Amino acid sequence: MPDKPKVAFYWCASCGGCEEAVVDLAEDILKVVEAVDIVMWPVAMDFKKSDVEARPDGSIAASFINGAVRTSEQEEMARLLRRKSQIVVSFGACANLGGIPALANQFQKEDILKYVYEDCPGVQNPDKTRPQTETRHEGRALSLPEFRGMVRSLDQVIEVEYYLPGCPPTPKIIMAAVVALLTGKLPPKGTVLSPDVALCEECPRKDSKPADLALAEFKRPHQVLIDPEKCLLAQSLVCMGPATRAGCEALCPKGNMPCTGCFGPTSRVKDQGAKFVSSVFSNIVPKDEAGIDAVLDGIPDPIGTFYRYGLSKCLLRRKLN
Amino acid sequence: MTDIKERRNDTDGLPRIGFYICHCGTNIAGMIDVAEVREYVAALPGVAVSRDYKYMCSDPGQELIGADIKEHKLERLVVAACSPNLHEETFRKAAARAGLNPFYFQMVNIREHVSWVHEDKISATEKAKDLARAAVYRVRFHKPLDKQSVPVDPNVLVVGGGIAGIHAALTLANAGKKVTLVEREATIGGHMAMFDKTFPTLDCAACILTPKMSAVKSHPNITLWTYSEVAKVDGYVGNYKVTVKRKPRYVKEDLCVGCMECIEACVFKEPKFADWFNQGLGKRKPVYIDFPQATPKVVLIDPETCIQFKTGKCKKSCAEVCDRKAFDFNQKEEFKDIRVGAIILATGFKVYDAKRDPHYGYGRYPGVYTALEIERLVNASGPTSGEVVLRDGRRPRAVGIIHCVGSRDEKTNKWCSRVCCMYSLKLAHLIKEHSGAEVYNFYIDVRAPGKAYEEFYDKLLSEGVHFIRGRVAEVTDWNMTPEEEGRLVLRVEDTLAGFVRRIPVDMVVLATGLEPRADAQEVRRLFNIGCGNEGFFQERHPKLAPVNTFTDGIFIAGACQAPKDIPDTVAQAGAAAAEALALIDAGHVELEPNTAHVVEEECCGCKSCVPLCPYSAITFDEAKKKAVINEVLCKGCGVCVAACPSGSIRQNLFEDAEIFSEIEGVLAK
Amino acid sequence: MMKYLYYPGCSLKGTGKAYEESLLAVFRALDVELREIEDWNCCGATAYMSVEESKSYALASRNLAIAERENLDVVAPCSACYLVLNKTQKSLQEHPDIRRHVTQALKAAGLDYKGTARVRHPLDVLINDVGLEEIARRIKSPLQGRKFAPYYGCQIVRPYASFDDQYNPETMDKIIKAAGAECVPYPLKTHCCGGSLTGTLPEIGLRLAYIIIKEAKKRGAEAIVTLCPLCQFNLDGYQGQIAGKYERVDLPVLYFTQVLGLAMGLPAGELGLQRGIISAAAVLAGR
Amino acid sequence: MSQHQSQKAQSAPAGFEPRIVAFFCNWCTYTAADLAGVSRLKYAPNVRVIRVMCSGRVDPQFVLDAFARGADGVLLGGCHPGDCHYAEGNYKTLRRMRMLGRMLRDMGVADGRFRLEWISGAEGDKVKAVVNDMTAKVRALGPLDLPGKFREWDQETAELERQVHSQDPKEVARAR
C-alpha cells in the first residue's frame, strides 16, 4: 500500500479560528485523517520543527498555513514548510491578506513596542525593559524571535500555490479544497479556492438592493436597528459584499451583520479597499466638497473599515511613516 | 533605424511591436533627441522595429509603417508624434490598410505634451522615452476591435423657430429630409420678427422673413410644432428619441383658420394685457395672436387672463363666434415622441435685462427704453404704428442711445454682443427719420466689421447723428439748467473732448446686449452639449467645427452659440443643415469602440454600476440578475468600469490591464 | 434680547454725537443691546489708508481682534469705519502677506486675529435682524406728511454693497417710510457730498454739497436724512458758505436714527436734535 | 516657517526631480494640455500624462498603483463641475477621490502628492500653472520612492531566506 500523502498544518500570526475551522469539518475530518498522514499540526499533535526538518524537501504533499507573518519564527517555519512541501495553501484571511494583525501596519514597530511595553494602561515597567532576541541567563542563552517591522501576508514571504479565503474559511470550501487536492483536480497555480464573483451573488438580501443607492450618510451597525431582510448598504451600513469574493454564502449578512470583506477581492481587483471606495462613493448624494465631506465623516476609520483584513495587500502595503 | 527582430522568439514571445518616432520637421526633433528615443525603444521587450522619420503623417511615413507591418509581421504599432486628437485616426487607418487591426495601435503625444512645452532637451528626451515606454507596455494588451456601424435615421429635429431654425429647417426640407421644427412660443419668427428694419441695408425685416415663415408652414417636409418644448432626449448620433411637450393653446390648431373674429368677439372690449411681442408697449386680449403674420396663424388663449379659466363663468363669446368650432377649453398638454438622426439647436438668445444697470434708470424713468422696445415703436405694425413718441405721447426732441449696456462690462457681461453698434446706428437713423429728433450715440468704440457696415456708419455721420465717445455714468432727472428742466440728463465723460458733459434728452435708448437664454444650462444638459464660461453653447472647435458640438449628431446655429447678426446666423444655420445632411446621407455612423461591457459570469448583480450611467446604458436583467450594458447607448466614459467593485466591467481600449501596464511603463526605469 | 458690539469710531464721539445719542436711544428702545468695544482705537479711516496701508490694516484689525473675543457681530455706524473694517477683513482674507504682517503686529499686543467677527451697519441690523415689522410695531407717533430726501453717500455702497443695492440703495428709504414719512424721489442718493474737498478744494466741495441740498429742497424735502457722520457734517456745516456763494438753502440734515427715534416717540433731547447747525425746529414743529 | 522649509529641503536629495503621473480626461484637461502645447506655454517636464476618456474612469487603484510603482505625485484632471462631457462623471470622481484623499493621508502620503484639478479645454494656462505648482511642491516634499521602500522593508526577511534555503537536509538528518 502506497504511503498516504503527507499533510502539514501550521499557524502564524492568527487567532486560532482557522484551526477551529479545520475541527469544524466535524465528521468529515475523519475522512481527511483517513486519507492523509498529518506530519505537523502544532495545535493538535506533537511534532517538532526538527521532525519537519528531517523530512526530504518536497516530501509533504500539502501544507496548510494560516496566519499573517509578523515574526522571524513565523517566517522561518513558513520557509521551512515551503521547502518541504509540493503545495502550500495559504489558509484564511490573515495568511492571504494580512488579516486583522495587518491593521498594525498603520503603526511603526517602535510605536507598537513602546505602547505595549511602556504606555499601555496597566503596564508597570519603570525600567522600560523590552524583550530581547538574545538573553543570557545563568550561563544559558535564551532566544526570542525577532518582531518584524510590518505584518506580511504569507505570499509576501514565500511562494504559495493556492489560497483558501475567509476569517475563517468555511468547512465547505475547506472540504472542497481537500477533495480537489486528493483527487488531483487542481486549478491553475495562484487560484483562490472560492467562486470568483462578488458576495452579492449569494446574498439573500440581494433582491432588496435598490438600483440607485444614493447614500446621504453612513452609519455603523450599533447606530441602527438593522432590518434583517433589506440590503445592508441600503440601510447606510458599510457592507463590503460587492467588493468581496463569494464563497461564505453570506454568513454575516445572514447573521444580520454587514460583510467586512474577509474573503478578499475577486481576481480582477488588486486593491479591495480602493475598489470598494470607487464603487460606493461614486454614487453618494452630495456634489459639493463640504457635503461630500459630511458624508465621509460617517466613516471615522476608513483604513480600518476598507482594509479590515487586507492592509498587507493594499497597494501601498503599510502606513509610510 | 535599428535592430530589426525577425521572428517572434526574438521578441521573447511577446507580440511584435513596431515603434515610429516623428521629427515633425523640427517641431519635435528640435527639442527631443529622436535617435536616442529610437535606440532606447528598440531595446525594450517586444519591440521588433524602431524607426524615426521626418513626417510620420505624410504618405511616405504611412507607407513606411504599412511596409513594415507586412514585411516584419508587426502585431502592434506605436507612433510617437503629435496629439492623438490630430492623427490617431490617420495611423489607425495606415495600420488597417496594411492588414493590422487599427486598434492594435497606441499613439504617444510628444509634441503638444513634450517638445512644445519644454525647454530642456535632456529632460524632454527622458520624458519622451517614458511616454514611449508606457505605450510599448500598454499596446501589448490591446485587443482587436471593430467599429460598430449603425444606421442613421434620416429625419431631423430643429429646435428654435427664429431665423436660424427657419433657415436650417427649410434647407433640410428642400434637400428632401423630413424636419420637425419645435418652437417654444406660439409663433415662429423669433427676435427677427420683432425688428423693423435690418442693418445696413435697411430692408424691412418682415418683408424678408415672413415669406420664409410661410414657406415653413406650407412645406410638405416640415412638421411645425409651435408652443412646444423638447422635454427629453435619449439615444445617440443617428438615432435620437425625442419627447416633445405640446402646450395647450385651447384652440385646435387644425381647425383654426386665423380669421381672428374670436378676438373681436372676446368679452373684453379693449385689449388690456401687456403683450409679449410688443415688449409690453402694446396690449392684447386673453384670446390673441402675437402679430398679424404669426405662423401658424392660429389664435391661443392665455389662461392667466381669460375669465373662463379664472372664474369658469364667461359666456365664451369667442367660442360662440367660431364657426369652425376650434375652441377646446379642456385641451391638455401632450407629449409626442419622435425619432431623428440629427438635431440642430437654434435656441437663440436673451436680451440683457436693463434693470441690472440701475444707474441707467430703466424701469424708473418712463423715458428710458430698451432697443427692442424701440424696434417695436418704429415698426409700422407696432403699438404706435411707427410713431416715435414717449409713453405720454410727446414726441422726443432729443434721444440718447447708450451703447454696450450689458456688454463689455466687467460687472455684468464681458463679451461684445456684436450687433448693438450696428442696430444702434440703424435705430439712430430710424428715430431721426421718424421723429426728426437730435440723436446722440454714446459709445466705447463703434464696431462695424461687416459688408457695407462701415459705410453705413459713415452715412449716419453725414446724417448729423451725434457720436460721443464715453461710457455714460448715469441717466438722471436732477437738473442744473432751465434747458434740463423736466428732461432726462445723461452724465458722461466725453473722452474725445476731455471733459464731463451733461446731455439733456427726452428719450434714452439702452443698446442692451445679447445673453445666453435663461435656461441654456438646462437645455445643454438635456442635449448633453457644453456651454462656454459665459453660457453660450460650446462649439466643437472655434474655427474648424463651429456648428458641431462635442456630442455627435447635435449641431448648433445662431445666437445660442454666440451673439451674431442675421447674415452670420443664416450662414451658420446653412452650415448646420449641411453638417446634418452629411451625417444623414452617409446612411450610417461608425461608433467608437471604446464602449464598456459587463462580463456576465463575473457579475454578481450588485447594481452598483446601474445608477452611474448618465445615458441609462446599463440596465439590470431581472431574470439573470446581472447588469447589462447596451453598447450602442454607451458613450465610453468608463465611470462604471472604475466603479465595478468586483472588476467585472471592461472598457475597450481602456481595460484595467491596459491602464495598469501604462502606469507601469511610464514609471519603469 | 439681541446683542451687538458697538464700534463708535471718532466721529460718533465728536461731530457725530447726535448720531450716537439717537442710535443708542433707538436701539435701547428696540431692546437691542449695543455694548461698546473696550479700548477701541481709530479705524485708520481713509486718510491713513492712503498714506500707509499696512499700518492702517494693523490698526483696524486690532479693533476686530478685540471684538472677536466675544462671539458677537460688530455694529459700526460711521460709514468710514464700516468701510475700513470691512475692507480690512476682506484684505486679510485674500492676501496672506497682509495677514502675516498684521498677525505679527497684533502678536506684539498679545492679540490674535481670526476673522470671525462680522462688521454690520445699523441699517443692516434694523432691516435684517430687527425687521421692518417689528419696527412698525414700535412706531408711536408716525411722521405723517413729512417729506425727506434719503441720502446715503458713497462709502456704504462703494466698493462693497453688502446689504443694499449699489446704485439705488433703499434700506434707509424703508426706515423712513416705516416712520410714517415720505421719501422724495431722489436720484442723488449716492452722489458725492463733497467729502474732504470742502476743506481742500472748497470750490468743488461746496458745489457738490450745494447740488445735493438744492435738489433735495427742490423736490420738496423738509430735511435730508443721512447715515454718515461725515456727510451730515459736510451738508449741515457748510450751508453758511453755500449761502454766500450760491443761495440760501437752510435745509436740516438729520440722521435716520433721529427720524426713527422721533417716530418711536422718543424725546427730541435724547435724540440730539438740538445739535444740528441748521435747526431742526421746522421738522419738530407740531409735534 | 523657514526652519520647516529647510527641513523639507534637507529631506530632498540635491537634484531630485519628482515624477508625477497624471490622468487627464480626453475632453477637457487633455485638450487643455494640447492647447498649452499649441500655445507654446513652457512648464516643468515632470508630469507624464495618461489619457482617459473621463476622469471618472480613474480607479483609485490607479492612483495607488502609480505611487507603488514609483510616482512621487499623482495628478487628476477633469472637466469643471457641471461641464463634464459625460454629464456627471467628474462628480463621481470628486466623491471617490475625496475619500481616497483621506485614506492617503491616513496612510502617510503627504497631502500635496495627490491632487485633483478641474481644467477646461480652454485653460491651457491652468495646465501650466498646476503642473508647475505641483512639481515645485512635490519637489519640496522630496522623493516618495515606494519601490525603494518596499525593497528596504523586505531586507529584514532576506537574511532568513538565505539561512533556511542553505540548510542541507542530509545534515539535518544526521544531526538527529
Side-chain angles (χ1 to χ4, degrees), chain A residues 50-57 59 69 72 75-80 82-84 105-106 146 148-150 152 156-158 269-271 273-289 292-293 295-296 299 301-304 306-307 311 314-321, chain D residues 56-69 81-82 88-110 113 116 144-146 149-150 152-165 167-176:
Chain A
S50 52
D51 298 329
V52 181
E53 284 174 332
R55 295 192 168 276
D57 285 3
S59 63
V69 182
S72 57
E75 250 169 54
E76 191 181 349
M77 285 307 293
R79 291 189 199 285
L80 179 65
R82 168 72 277 176
R83 208 167 128 86
K84 305 295 172 189
N105 284 355
Q106 292 177 90
E146 166 89 31
R148 296 302 199 195
M150 60 192 284
R152 293 180 170 82
Q156 285 170 342
V157 177
I158 59 166
V269 174
K270 288 178 186 235
D271 189 303
K275 199 63 173 159
F276 181 79
V277 164
S278 190
S279 161
V280 167
F281 292 93
S282 296
N283 195 34
I284 58 174
V285 171
K287 286 180 168 181
D288 61 300
E289 296 184 357
I292 294 168
D293 284 349
V295 175
L296 303 190
I299 297 170
D301 175 19
I303 300 299
F306 306 131
Y307 296 101
L311 195 52
C314 166
L315 285 162
L316 304 181
R317 290 180 60 180
R318 61 156 304 140
K319 184 172 193 288
L320 304 181
N321 44 47
Chain D
R57 173 65 186 95
V58 180
D59 187 323
Q61 294 187 100
F62 297 167
V63 178
L64 298 183
D65 194 52
F67 281 127
R69 291 189 182 278
E88 300 222 317
N90 50 3
Y91 288 117
K92 287 147 196 162
T93 309
L94 175 66
R95 294 175 186 137
R96 59 168 91 117
M97 293 307 165
R98 266 196 108 63
M99 187 77 237
L100 181 69
R102 289 182 177 210
M103 290 156 64
L104 285 170
R105 218 167 302 145
D106 289 352
M107 293 293 278
V109 177
R113 294 193 188 273
L116 173 60
L144 181 64
D145 190 23
L146 274 184
K149 286 201 172 73
F150 293 164
E152 188 190 311
W153 293 340
D154 285 346
Q155 294 239 309
E156 65 177 1
T157 68
E159 178 55 27
L160 196 57
E161 180 175 29
R162 264 195 304 282
Q163 262 184 39
V164 175
H165 276 264
Q167 278 180 343
D168 186 333
K170 281 178 202 144
E171 274 179 36
V172 175
R174 206 176 315 125
R176 290 204 57 151

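None of the values given here were measured: they were computed from a predicted structure. Numbered from 1 within each chain, the chains take letters A, B, ... in sequence-line order.
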Heavy-atom distance under 4.5 Å between the side chains of [X] and [Y], does that happen here?
X: C314(A); Y: M107(D); answer: yes
X: D106(D); Y: Q106(A); answer: no
X: L144(D); Y: L320(A); answer: yes

Between CG of D288(A) and OH of Y91(D), what distance do you get to the nearest 0.5 Å? 9.0 Å
NZ of K92(D) to OG of S278(A): how many Å apart, nearest 0.5 Å? 12.0 Å
Nearest non-hydrogen partners of [X] and [Y], listed with the distance:
X: L160(D); Y: E76(A); result: CD2-N, 3.7 Å
X: A274(A); Y: L64(D); result: CB-CD1, 3.7 Å
X: L315(A); Y: F150(D); result: O-CZ, 3.6 Å
X: P302(A); Y: M103(D); result: CB-CG, 3.7 Å
X: L316(A); Y: F67(D); result: CD2-CB, 3.9 Å

Please classify the contact of R102(D) with chain A as side chain, backbone, both or neither, using a heavy-atom distance under 4.5 Å. side chain
Part of [X] within contact of chain D (heavy atom distance under 4.5 Å):
X: L311(A); value: side chain
X: R318(A); value: both
X: E146(A); value: neither
X: D301(A); value: neither

Go through V109(D), D154(D), T93(D), L94(D) and name the one with the most non-hydrogen pairs under 4.5 angstrom from chain A. D154(D)
Can you tell which of V280(A), V295(A), I299(A), V269(A) has the highest number of heavy-atom pairs within less than 4.5 Å of chain D? V269(A)
Please evaluate residues I284(A) and M99(D) with respect to the criterion side chain to side chain contact (heavy atoms under 4.5 Å, CB included), reporting the C-alpha separation (whole Å), side-chain torsions for both, the decisive distance (0.1 Å), and the verdict. CA-CA 11 Å; I284(A) 58 174; M99(D) 187 77 237; over 6 Å; no
Please step through side chain to side chain contact (heavy atoms under 4.5 Å, CB included) for the pair I292(A) and M97(D), ending with a clear verdict. CA-CA 10 Å; I292(A) 294 168; M97(D) 293 307 165; over 6 Å; no
Between R96(D) and V277(A), is there a donor-acceptor pair closer than 3.5 Å when you use the side chain of the first and the backbone of the second? no
Hey, is the main chain of G149(A) close enough, under 3.5 Å, to the side chain of E156(D) for a donor-acceptor pair? yes
